[in-house]
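Please read all numbers here as calculations on a predicted model, not as lab measurements. One-based numbering, in listed order, for ligands and for the atoms of each.
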Amino acid sequence: MTAQLNPRGDVAVLVPAAGAGVRLGPGRPKALRLLAGEPLLVHAVRRLAAAPSVHTIVVAAPAAEVTAVSELLAPVAPVTVVPGGAERQASVAAALAAVPAGPAIILVHDAARALTPPELVESVAAAVRDGCDAVIPVLPVVDTIKEVGAGEVVLGTVDRSALRAVQTPQGFRRSVLTAAHAAAGDPLTDDAGLVEKQGVTVSCVPGSEYALKITRPFDLALAEHLLAGAG
Ligand SMILES: Nc1ccn([C@@H]2O[C@H](COP(=O)(O)OP(=O)(O)OP(=O)(O)O)[C@@H](O)[C@H]2O)c(=O)n1
Ligand SMILES: C[C@](O)(CO)[C@H](O)COP(=O)(O)O
């Protein structure tokens with residue numbers, strides 16, 4: 001059954017899903033690889049559609065897969081699908097251009113974070129609604145971090161107390177994200193980075209272990225176990 005989005009919602013979610021998944025190994029574009037029998041993108045969109053604030057979802061798919069992705073997602077939720085770009089940043093920009101008038105809050109969420117709970121979507125959106133210009137979910141860094149130089153020789157130990165591992169969805173006041181992308185230069189790895197370059201304050205909220213980014217084969221195996229455990 002198709003999950004209906006909320007016509008009174010104030011959130012549009014952009015889903016960059018056009019990456020190859022090189023680190024996952026050879027195969028289909030990563031968003032279309034299977035997790036418990038369904039593509040990662042289906043898992044991700046199903047969870048986004050379950051978040052009550054979501055009004056619109058725009059997916060940036062691999063250019064050759066736009067029709068296939070539209071057909072894949074039609075039974076899951078009403079989504080707009082656009083061709084992505086060569087870099088994540090270009091994929092987000094393409095999706096941003098397709099957002100209709102209305103939503104005042106824009107979230108950007110990796111398809112690769114397929115198990116992100118709807119509650120995290122809501123907590124990021126709520127922080128923007130409460131007045132933050134830009135919001136990122138973060139987790140503390142749990143390992144000791146070393147800086148290394150040539151030949152993998154350790155240069156020093158980094159103070160990790162001020163470090164955070166950053167997840168998605170990242171949330172923005174619409175005008176803030178639009179201005180940041182309009183001013184964007186060389187590609188950055190996340191949208192908060194673009195906003196930081198504009199001098200906008202980026203605030204943190206607690207992330208979720210379930211929002212792990214499926215990047216390497218171990219992550220996919222871990223996600224399979226998490227899903228099996230959830231029943
Ligand atoms: N040109 C690109 C590159 C990445 N992404 C998306 O950005 C998200 C985060 O990227 P990552 O997980 O690093 O995916 P890939 O770029 O596919 O991974 P890899 O570097 O291993 O190829 C993913 O949902 C991915 O599909 C995208 O839409 N367009
Ligand atoms: C946006 C992101 O998922 C936040 O952690 C991350 O920056 C994507 O980077 P990647 O190198 O493309 O995985």
Side-chain angles (χ1 to χ4, degrees), residues 13-35 38-48 57-66 68-69 72-73 79-99 106-116 120-121 124 134-142 145 163-172 177 180-181 184 186-197 202-220 222-223:
V13 189
L14 317 181
V15 186
V22 171
R23 289 169 287 180
L24 200 50
R28 300 204 69 198
K30 181 161 69 177
L32 300 178
R33 300 215 206 166
L34 300 184
L35 166 61
E38 293 185 300
L40 295 183
L41 183 58
V42 168
H43 289 278
V45 167
R46 186 181 290 129
R47 285 163 177 76
L48 292 170
I57 298 174
V58 183
V59 173
E65 305 279 359
V66 169
V69 166
L72 176 72
L73 294 177
V79 301
T80 300
V81 183
V82 300
E87 306 279 353
R88 182 185 183 279
Q89 187 171 304
S91 296
V92 174
L96 181 58
V99 177
I106 309 272
L107 268 50
V108 185
H109 182 53
D110 296 332
R113 297 184 188 273
L115 299 187
T116 301
L120 186 61
V121 175
V124 171
V135 176
I136 57 173
V138 302
L139 291 178
V141 173
V142 294
I145 304 293
L163 300 181
R164 303 288 182 273
V166 176
Q167 302 180 321
T168 72
Q170 299 186 350
F172 307 92
L177 186 66
H181 270 271
D186 289 342
L188 301 181
T189 54
D190 76 345
D191 300 279
L194 293 180
V195 166
E196 289 156 35
K197 284 180 80 173
V202 177
S203 304
C204 299
V205 296
S208 165
E209 304 284 1
Y210 285 89
L212 79 157
K213 184 155 73 67
I214 297 171
T215 304
R216 292 165 293 207
F218 180 83
D219 305 319
L220 193 55
L222 177 58

Could you tell me whether the side chain of [Y] reaches within less than 4.5 Å of the side chain of [X], counting heavy atoms only?
X	Y	result
Val42	Leu73	yes
Leu120	Gln167	yes
Leu194	Val92	no
Val13	Pro169	no

For ligand 1, list the protein residues that place a heavy atom within a distance below 4.0 Å of one of its atoms, sorted by chain and number.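 Shell around ligand 1 (4.0 Å, heavy atoms): Pro16, Ala17, Ala18, Gly19, Ala20, Gly21, Val22, Arg23, Lys30, Gly85, Ala86, Glu87, Arg88, Ser91, Asp110, Ala111, Ala112, Lys213.
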Would you mind checking which non-hydrogen protein atom is closest to atom 3 (O) of ligand 2, with the distance to 0.1 Å?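 So the nearest neighbour among protein heavy atoms is Asp110 OD2, 2.5 Å.
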Within ligand 2, which atoms have a heavy atom of Val166 less than 4.0 Å away?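 This gives 4 (C), 5 (O) as the contact atoms.
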Please could you name the atoms of ligand 2 that Lys213 approaches to less than 4.0 Å, counting only its heavy atoms?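 Near Lys213, the atoms of ligand 2 are 3 (O), 8 (C), 10 (P), 13 (O).
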Just jot down the side chain to side chain donor-acceptor pair (under 3.5 Å) partners of Arg46, sequence neighbours excluded, or say none.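 Arg46 satisfies side chain to side chain donor-acceptor pair (under 3.5 Å) with Glu38 only.
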Using the rule given for side chain to side chain contact (heavy atoms under 4.5 Å, CB included), can you reason through Leu177 versus Val108, listing the C-alpha separation, both sets of side-chain angles and the distance that settles it, and then say yes or no? CA-CA 10 Å; Leu177 186 66; Val108 185; 3.9 Å; yes
Any salt bridge linking Asp191 with Arg88? Criterion: basic side-chain nitrogen under 4.0 Å from a carboxylate oxygen.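 A salt bridge is present here (some side-chain N lies under 4.0 Å from a carboxylate O).
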side-chain contact (heavy atoms from CB on, under 4.5 Å) partners of Ala223, counting only residues at least two apart: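 Partners of Ala223 under the side-chain contact (heavy atoms from CB on, under 4.5 Å) test: Leu35, Leu115, Ile214.
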Quick one: list whatever passes side-chain contact (heavy atoms from CB on, under 4.5 Å) with Glu196, sequence neighbours left out.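 Glu196: side-chain contact (heavy atoms from CB on, under 4.5 Å) contacts with Ala192, Val202.
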Just let me know how Thr189 lines up against ligand 2, side chain, backbone, both or neither, with a heavy-atom cut-off below 4.0 Å.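 Both of them.
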Per atom 10 (P) of ligand 2, closest listed option by heavy atom (His109, Arg23, Arg88):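 Considering heavy atoms of His109, Arg23, Arg88, the nearest to atom 10 (P) of ligand 2 sits in Arg23.
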N/O separation below 3.5 Å, Asp190 to ligand 2: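 Between Asp190 and ligand 2 (N or O atoms, distance only) the closest approach is not under 3.5 Å.
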Please confirm whether Arg113 comes within less than 3.5 Å of ligand 2 when only nitrogen or oxygen atoms on both sides are compared.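 For ligand 2, there is an N or O atom that lies under 3.5 Å from one belonging to Arg113.
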